[in-house]
*Asks:* 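Next up is a structure, given as C-alpha cells.
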Amino acid sequence: MFTSFFYLLRSRGLNVSLNEWMSLIEALDMGLHGSNFTGFYYLCRSVLVKSETDFDKFDGAFLEFFKDMEFATDELPQELLDWLENPKDAPGTEFDMDRAMENDLLSQSEIQKMFLERLDEQKEEHNGGSYWVGTGGVSVFGNSGFSPRGIRVGGEGGKRRAFQVAGDRKFRDFRQDNTLDTRQFQMAFRKLRQFSSRTEEARTEFDIDGTIRETCDNAGSLKVVYEKPRKNTVKLLLLMDSGGSMEYYSRLCSSLFQAVSKSSHFKDLQVFYFHNCIYSKIYTEADLRPRSVISTDWILNNISSEYKVIIVGDAQMEPSELLDPSYYSYGVRDQVTGLEWLKRFKEKYPHIIWLNPSERPTWGGWWAKTYDIINKDFHMYRLSLDDLNAALKKLMVSR
C-alpha cells in the first residue's frame with residue numbers, strides 16, 4: 001500500500017523503518033485516519049516522523065506524492081465560498097478601529113467557536129461588517145478585512161493577520177517563517193561573547209586561535225596557549241511585538257526568545273512586550289493583559305543607556321497607530337505618537353537595532369508606509385542567519 005510513497009520518503013532523507021511503515025498500515029486498518037485525507041496526513045506524520053526538524057522534509061515529500069489528489073474543504077458550504085470569492089460589493093477600506101482592537105483581545109479558541117456558530121447562523125452574503133463571515137470590514141472571519149487576527153475563509157493571503165485558514169491543507173504550510181531555529185539563534189548570540197571584557201584572573205581558558213598560531217610558528221610542534229577568561233558584560237533590553245500580524249511569526253519569535261533566555265552571554269536581560277508600536281504603557285508578559293502593564297517612562301528612566309536594545313516586530317500597522325498623538329491603544333490614550341516613543345528609545349540607547357521577521361509588504365498601502373517610516377529611522381534587519389550576524393555586529397557599535 002503506497003509502497004512508492006515509502007521509498008520517496010526514504011529518498012528525501014527521512015529514516016522511515018519497515019516497522020514504522022507496518023505500524024502505519026495497522027493504524028489505517030483501524031481507521032485512525034478518520035477516513036479523510038487531512039487525517040491521513042496527520043497520521044502519517046505522527047507515525048513516520050521522529051523529529052519536528054523533519055516536518056519540512058515530510059511536507060515536501062507528501063505534497064509531491066499526493067499533489068493530484070482531490071480534497072474537501074473541511075465541509076465549508078460551497079455557496080459561502082462562492083460569496084467570498086466573488087462578492088457582490090467590493091471590499092471597502094473603512095473600518096471601526098475600536099471594534100478591531102476588541103477583536104485583538106479574543107483568544108484563538110473563542111474565535112474558532114464563534115466561527116462554527118456563524119456557519120450555522122449565516123444564510124446570505126455579508127460584506128464590510130463586523131459580525132458575519134464576509135469580505136472587508138473588521139469581522140474575524142472572511143478575507144480582505146482589517147481585523148488584527150482571525151480566520152481567513154476564501155480569498156488570497158496578503159496581510160498575514162489570520163492565525164488559521166479554513167479549508168486549507170496543513171501540509172501546504174511549509175513553515176517558511178522558520179528562517180532560524182533556536183540552535184542557530186544561540187550560535188549567533190554566542191558571538192556577543194567576544195565583546196565581553198577580559199577578567200584579571202589567571203590564564204585558564206584554552207585559546208584555539210592562539211594555539212594554532214603559536215604551533216605553526218613553532219614548526220608544527222604543539223604549543224598550547226591559554227587566555228584570561230571573559231566576563232559577561234553585555235546587558236540586553238529585548239522589546240517584542242506581540243499579537244496581531246505577529247501571530248504568523250510566533251514560532252520564529254519563540255525560537256528567538258528561547259535562545260535569548262537560555263543564553264549565558266548576557267550580564268543582564270530585560271524583556272518587555274508591546275503591540276504594533278511602543279506607547280506610554282508596555283507589558284512584562286506577551287498576553288498584554290492589564291496585570292502586566294508598566295510605564296514606558298519607567299524603562300527609560302531606570303534601565304541605563306549601557307544596555308543594548310533589540311526591538312522585534314514587523315513594523316506594519318495602520319498609520320494612525322504610529323503617527324496619531326491621540327491614538328487609543330489597550331485602554332490608554334497617548335498624547336505622544338508611537339513614532340515619538342520609538343525615537344525616545346533611539347535617543348536614549350546608542351546601541352539599538354530592529355529585527356523584522358517580515359519582508360517589506362508587497363501589497364503596499366498602510367502597512368508598507370509604516371514599514372518604510374520605521375526602516376528609515378532604525379537599522380532594520382531580517383531574521384535570517386546572515387542578517388542576524390550583521391545585526392549583532394551593528395548592535396555592538398554605537399550609531
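For this chain, numbers begin at 1 and follow the sequence in order. These figures come from a predicted structure and were not determined experimentally.
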*Asks:* Hey, is the main chain of V16 close enough, under 3.5 Å, to the side chain of R10 for a donor-acceptor pair?
*Replies:* yes
*Asks:* Could you tell me the separation between the CG atom of L32 and the OG atom of S23, rounded to the nearest 0.5 Å?
*Replies:*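 Reported value, rounded in 0.5 Å steps: 11.0 Å.
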*Asks:* Looking at T337 and D324, would you say the former's side chain and the latter's main chain have a donor-acceptor pair under 3.5 Å?
*Replies:*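 No; zero donor-acceptor contacts below 3.5 Å.
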*Asks:* Taking T211's backbone N and O only, do any of them form a donor-acceptor pair with T215's side chain (distance below 3.5 Å, no angle check)?
*Replies:* yes
*Asks:* I'd like to check the salt bridge (Lys or Arg N to Asp or Glu O under 4.0 Å) partners of E340; sequence neighbours left out, ordered by chain and number.
*Replies:* R344
*Asks:* Give a yes/no verdict on a cation-pi contact between K394 and Y381, requiring under 6.0 Å between NZ or CZ and the six-membered ring centre and an angle within 45° of the axis.
*Replies:*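 That pair does not qualify as a cation-pi contact.
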*Asks:* Do I299 and D297 have side chains that get closer than 4.5 Å, going by heavy atoms?
*Replies:*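 With C-beta onward as the side chain, the pair stays apart.
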*Asks:* With sequence neighbours excluded, tell me which residues meet side-chain hydrogen bond (donor to acceptor under 3.5 Å, both in side chains) with S17.
*Replies:*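 In terms of side-chain hydrogen bond (donor to acceptor under 3.5 Å, both in side chains), with neighbours along the sequence ignored, S17 is linked to E20.
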*Asks:* Under the salt bridge (Lys or Arg N to Asp or Glu O under 4.0 Å) test, which residues partner K235, sequence neighbours left out?
*Replies:*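 Salt bridge (Lys or Arg N to Asp or Glu O under 4.0 Å) check on K235 returns E306.
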*Asks:* Is any side-chain heavy atom of D241 less than 4.5 Å from a side-chain heavy atom of F274?
*Replies:* yes
*Asks:* Does some side-chain heavy atom of W341 sit less than 4.5 Å from a side-chain heavy atom of L300?
*Replies:* yes
*Asks:* Quick one: which of Y42, F65, Y41 gives a ring-ring contact (aromatic ring centres under 6.0 Å, His included) with F58?
*Replies:*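 Of all the options given, the one that passes is Y41.
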*Asks:* More than 12 heavy atoms of other residues, nucleotides or ligands under 6.0 Å from CD of E285: yes or no?
*Replies:*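 More than 12 heavy atoms, drawn from other residues, nucleotides or ligands, come within 6.0 Å of this atom.
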*Asks:* Is it true that Y273 and D287 share a donor-acceptor pair across their side chains at a distance under 3.5 Å?
*Replies:*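 No, no side-chain donor-acceptor pair sits under 3.5 Å.
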*Asks:* Going only through I, L, V, M, F, W and Y residues with side-chain contacts under 4.5 Å, is there a path from I294 to Y349?
*Replies:* yes
*Asks:* Is the ring centre of Y283 less than 6.0 Å from the ring centre of F272?
*Replies:*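 Y283 vs F272: aromatic centres not under 6.0 Å.
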*Asks:* Verify whether the ring centers belonging to F6 and W21 lie closer than 6.0 Å.
*Replies:*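 For F6 and W21, the ring centres are under 6.0 Å apart.
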